[in-house]
Amino acid sequence: MERREKTKEERRIKFKAELAHNTGLCMLLSVGYDGKKRCAVLKLLELDTQKVYYWYDNTGHKPYLLTDLPQEVVLNNPRVVSHPGFHSVELVKKYDSLNDRKVLMTKVKAKDPLSIGGGGNDLRTIIRRVWEARIKYHNCYIYDRRLVPGMLYVVRDGRLKRVMVKIPDELKREVYAIFEGASEELKTMLEEWLPLFFVKVPKIERLALDIEVFSPEPEHVPDPKEAKYAIIAISLVSTDGLRKVLVLEREDVKRGERPDYMDPDVEVEFFKEERDLILAALDTIIRYPVLLTYNGDDFDLRYIWNRARRLGITRDQIPFTSERDHIDLVTGVHVDLYRFFENRSIQVYAFSNKYKEVTLDAISQALLGIGKVKRLTAISELSLYDLAAYCFRDARLTLELTTFNDDLVMKLIVLLMRITKLSINEVTRTQVSTWIRNLVYYEHRRLNYLIPNKEDILQRKGETTTRAIIKGKKYKGAIVIQPKVGVHFNVVVLDFASLYPSIISRWNLSYDTVRCPHPECRKNKVPGTPHWVCTKRRGILSQIIWLLRDIRVYWFKPKSKDKSLPEDRRSLFSVVQQALKVILNASYGVFGAEEFPLYCPPVAESTTAIGRYVITRTTEKAREIGLEVLYGDTDSVFIHNPDPEKLKALMEWSSKELGIDLDIDKKYRYVTFSGLKKNYLGVFEDGTVDIKGLIGKKSNTPEFVRETFYEVVNILGQVKSFDEFKEAKERIRKIMVSRYTQLKNRRLTLDKLAIRVMMSKPLYSYTKTTPQHVKAAKQLVSAGKHVKPGDVIWFVKVRGPEGVKPVQLARIDEIDPDKYVDYMKTAFEQILEPLDIDFDSILGGRRLDSFFNNS
DNA sequence: GCGGACTGCTTACCT
DNA sequence: ACAGGTAAGCAGTCCGCG
């Protein structure tokens, strides 16, 4: 996309996005910076009209940095005062939490953010002794004005005002009861935070878009930078019922038949000119406040822009703006769902790893139960109606990823905006460390704390002291208790509800409290480390986590399951608790991540050290009172056939002695342990099977092995008592025999035997070794295919020197059956061995290999 | 020249 | 640009073997 473009203001006028002077109720979508006007600019979504308004800062807020040099010194520095961006200086008081003292600082204001930093000859380089000089201006503006993206505002006579929604007293009382006895500071904080959780997420109209592009080579996706080939279809699907595909008529391509899987209400419009097609799409785009795409930042919108320019459409006619790392919309905001779902925390914590590959097909298959349209023909060879149907599905899926389950994803995004104080553009495109950094910075400003420099934290607090088990890691982590091999009936799993956040809040862990400057606190040791924790002040992180954890555990989580509440309340509560979970789960890890600006090794190390102390003390106590501990991992203990009284005693002991809640998490009818850590099968009371870490479950296990594995698992789910294993064993034997016969006779397709492994990096960077999936990928490349990071390689084991072949290039008669026998054996031994079933003998003494060898 | 012991790399999983 | 711990399978290396 072209670098030079008109100012935000000029483009706003061009596309008729109005200035906010007097508005109805609005939601704050984003905060940016206008380089020409030299001020912050807000995008506000008016709820009634779904119109997006611009509001430019009129408070005179300026970018700044802080320095400990006195004002006179700064003013006597000619390089500062003669700097063209220099504005003024001001004396400010701050609390320096790292050193527990009040400090006077000089605030150096500038006319624009680049003069503070990033402009080469900037004030932060000139002054050198600086704080808070690397915060992006739009975020700094949010902190100082205490804005909360995702919350409600109005503009009256040009003045921006927060709209306060009254929370019913009854509700307030309930929540405050949780924090009874908490400090005044925490209660003030609660006052600020409560509305963010309880104010309903407003309706947000949105339009999903997807494009298809002609390509002369079927395997090649055209480069959006060049946009050399025609856009042949654009689909547009919206929350207000628009369902449309714009299709380009091409000389040699037939319209064909309208496929029946495309709903009859989908409108297909044909265009003779590509230019008209693009303009029609742009015309629709500007009518919605939110544009949704899947990979629009890197493909669809970029392609449209460059293609439009190529076709002579002027910049003035294209409502996109090119930002540093994404494409935004002049008349609203652009949410690229690929960027959002790519976020590891969203993937793991919000969607519990339900999708593994970050492709539209995989995600929608996992979350919506429907994938992309399957096609065998190249895009460019589809008939026009088939093309329309294919393209339509993609936009539909993109929209539905935000609407399913009562707008879950949209609500989650808004809740995350409120919690992290990030604009919608940023929260959907950044990782969890950015979220946590931003929310912690915001609290610093609210409390008038000086935001520390990373080097100062490291210098004062130092490095870690424990030794990690894994080579290359910085400090010791969690404990895993060796499991007792075999089958165990009636097992109760106890766990510490969000252990690490509990530790951070209860033990007052924070970069400002661990190894604090007071000599009298040194007695307050963290077990297993030389570190100590402050006894005089509450740490800022500990305070934040306390609030977020307790409100989640004691309020939102139970309320989201409370059937007596109306459905819409419950669904909001459930989203809130999920959003909090995402944040809380990452709150410990970031302090052990070197790149995090508040990186503090002793904080991370103390957290895991206390975790080890907690689980160790708990197992000791359990054994002491006569409970049998079968297994445990980090924050859980598996107890065999417990006396309920003793169980209760243990839980009470934990909250009293350790200050951390120990709850019943799960009850199993029985559990089988193979003897390996992080590896077991548990059957719940209702017969559902819970599988952890077993090979049969892993995504790279061949489908054939996995199917067989789940058939066996299904039988195990039906076993109610020890005696029933005998019958189960016989049924398992039958399954194995039939499956092996199937394999022997090669009555299966190659893809059932495929091992699927994801390439995590580009092909050329495998320099140390050549793993099998890389070998297969190299063969694909030789055959003219393209592979890139994130692609899953499907390969089979074959006889011959290479040993592997990608499925696309292999034949069923080439496979090496012995390798699959081994696979089967390891996969099944993990569940059969604890039941005392011998893998080889289960087929009546015959070696499994014989099934292959006599073929 | 070959096979076993070993280490290291890579991926996928658990908490 | 959240963390560490566990496991599997393979690649590659070293060592011993008259």
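Predicted, not measured: the structure shown is a model, and the values here were computed from it. Below, read A as the first sequence line, B as the second, and so on, with proteins coming before strands; counting in each chain starts at 1.
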Enquirer: What is the distance from NZ of Lys678(A) to P of dC13(B), rounded to the nearest Å?
Expert: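 After rounding, the reported distance stands at 14 Å.
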Enquirer: Go through the structure and list residues passing salt bridge (Lys or Arg N to Asp or Glu O under 4.0 Å) with Glu605(A), not counting sequence neighbours.
Expert: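 Salt bridge (Lys or Arg N to Asp or Glu O under 4.0 Å) check on Glu605(A) returns nothing, list empty.
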Enquirer: At a heavy-atom distance below 4.0 Å, what parts of residues 768-775 of chain A sit against DNA chain B?
Expert: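 Going residue by residue through residues 768-775 of chain A, the ones with a heavy atom under 4.0 Å of DNA chain B turn out to be Lys768(A), Thr769(A), Pro771(A), His773(A).
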Enquirer: Using the ring of each side chain (for Trp, its six-membered ring), is His488(A) parallel, tilted or perpendicular to His640(A), with breaks at 30° and 60°?
Expert: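 Rings of His488(A) and His640(A): perpendicular, as their planes differ by over 60°.
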Enquirer: How close or far is atom P of dC14(B) from atom CG of Asn585(A), stated in whole angstroms?
Expert: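 It is 15 Å, rounded to the nearest whole Å.
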Enquirer: Return the value, rounded to whole Å, for the distance between atom CG of Leu676(A) and atom C1' of dA12(B).
Expert: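 Leu676(A) atom CG is separated from dA12(B) atom C1' by 15 Å.
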Enquirer: Of all heavy-atom pairs between Arg515(A) and Lys461(A), which one has the smallest distance, and what is that distance?
Expert: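 Scanning both residues completely, I find the closest heavy atoms to be O-NZ, 3.2 Å.
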Enquirer: Can you list, in residue-number order, the parts of residues 702-711 of chain A that come under 4.0 Å of DNA chain C, counting heavy atoms only?
Expert: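 Output list: empty, so none.
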Enquirer: Between Gly693(A) and Lys471(A), which residue's closest nucleotide on DNA chain B lies nearer the 5′ terminus?
Expert: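 By nearest-heavy-atom nucleotide position, the 5'-most residue is Lys471(A).
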Enquirer: What does Tyr500(A) touch in the nucleic acid at a heavy-atom separation under 4.0 angstrom: a base, only the sugar-phosphate, or nothing?
Expert: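 It contacts nothing in the nucleic acid.
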Enquirer: Taking the six-membered ring for Trp, is the centroid-to-centroid distance between Tyr820(A) and Phe704(A) below 6.0 Å?
Expert: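 No - the distance between ring centres of Tyr820(A) and Phe704(A) does not fall below the 6.0 Å cut-off.
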Enquirer: Contact class for Tyr349(A) vs. all strands (heavy atom < 4.0 Å): base, sugar-phosphate, or nothing?
Expert: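 Here Tyr349(A) touches the bases of the nucleic acid.
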Enquirer: Return the value, rounded to whole Å, for the distance between atom OH of Tyr823(A) and atom P of dT11(B).
Expert: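 In whole Å, dT11(B) P and Tyr823(A) OH are 14 Å from each other.
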Enquirer: With sugar-phosphate meaning primed atoms plus P, OP1 and OP2, does Ser760(A) contact a base, only sugar-phosphate, or nothing at under 4.0 Å between heavy atoms?
Expert: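 Contact class for Ser760(A): sugar-phosphate only.
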Enquirer: Compute whether any side-chain donor of one residue and acceptor of the other, for Tyr554(A) and Asp661(A), lie under 3.5 angstrom apart.
Expert: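 Checked: Tyr554(A)/Asp661(A) side chains pair up, N/O donor to acceptor below 3.5 Å.
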Enquirer: Using atom types as modelled, flag every donor-acceptor pair under 3.5 Å from a side chain in residues 577-587 of chain A to any protein atom, sequence neighbours excluded.
Expert:
residue: Gln577(A); atom: OE1; partner: Arg552(A); partner atom: NE; Å: 2.9
residue: Gln577(A); atom: OE1; partner: Arg552(A); partner atom: NH2; Å: 3.0
residue: Lys581(A); atom: NZ; partner: Tyr349(A); partner atom: O; Å: 3.4
residue: Asn585(A); atom: ND2; partner: Lys581(A); partner atom: O; Å: 3.2
residue: Ser587(A); atom: OG; partner: Leu584(A); partner atom: O; Å: 2.7

Enquirer: To the nearest Å, how far apart are Ile470(A) CD1 and dA12(B) P?
Expert: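 The answer, rounded to whole Å, is 17 Å.
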Enquirer: How close or far is atom P of dC13(B) from atom CG of Asp633(A), stated in whole angstroms?
Expert: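 My rounded result for the distance is 16 Å.
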Enquirer: Distance check, rounded to the nearest 0.5 Å: Ile695(A) atom CD1 versus Phe828(A) atom CZ?
Expert: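 Between Ile695(A) CD1 and Phe828(A) CZ, I get 11.0 Å after rounding to 0.5 Å.
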Enquirer: Please work out which residues in residues 592-606 of chain A have a non-hydrogen atom less than 4.0 Å from an atom of DNA chain C and list them by number.
Expert: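 Those residues are Gly592(A), Ala593(A), Glu595(A).
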Enquirer: Can you confirm whether or not the ring centre of Tyr599(A) sits under 6.0 Å from the ring centre of Phe591(A)?
Expert: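 No.
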Enquirer: Report which part of the nucleic acid Lys698(A) touches: base, sugar-phosphate, or nothing (heavy-atom distance under 4.0 Å, all strands).
Expert: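 Contact class for Lys698(A): base.
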Enquirer: Between Lys761(A) and dT10(B), is there a contact of a side-chain N or O with OP1 or OP2 at under 4.0 Å?
Expert: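 Indeed, a polar side-chain atom of Lys761(A) lies that close.
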Enquirer: Just to be sure I understand the rule, does Gly589(A) reach a base, reach only the sugar-phosphate, or reach nothing, if contact means heavy atoms closer than 4.0 Å?
Expert: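 Base contact.
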Enquirer: When we call it a touch if two heavy atoms are under 4.0 Å apart, what does Ser587(A) touch: a base, just sugar-phosphate, or nothing?
Expert: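 Nothing: the residue Ser587(A), judged by heavy atoms under 4.0 Å, touches no strand.
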Enquirer: Output the rounded distance in Å from CG (Leu584(A)) to C1' (dT15(B)).
Expert: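 The answer, rounded to whole Å, is 15 Å.
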Enquirer: Whole Å only: how far is the CG atom of Asp665(A) from the C1' atom of dT15(B)?
Expert: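 After rounding, the gap between these two atoms is 12 Å.
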Enquirer: Contact boundaries of DNA chain C with chain A (under 4.0 Å, heavy atoms), 5' to 3'?
Expert: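 Reading along DNA chain C, I get dA1(C) to dG12(C).
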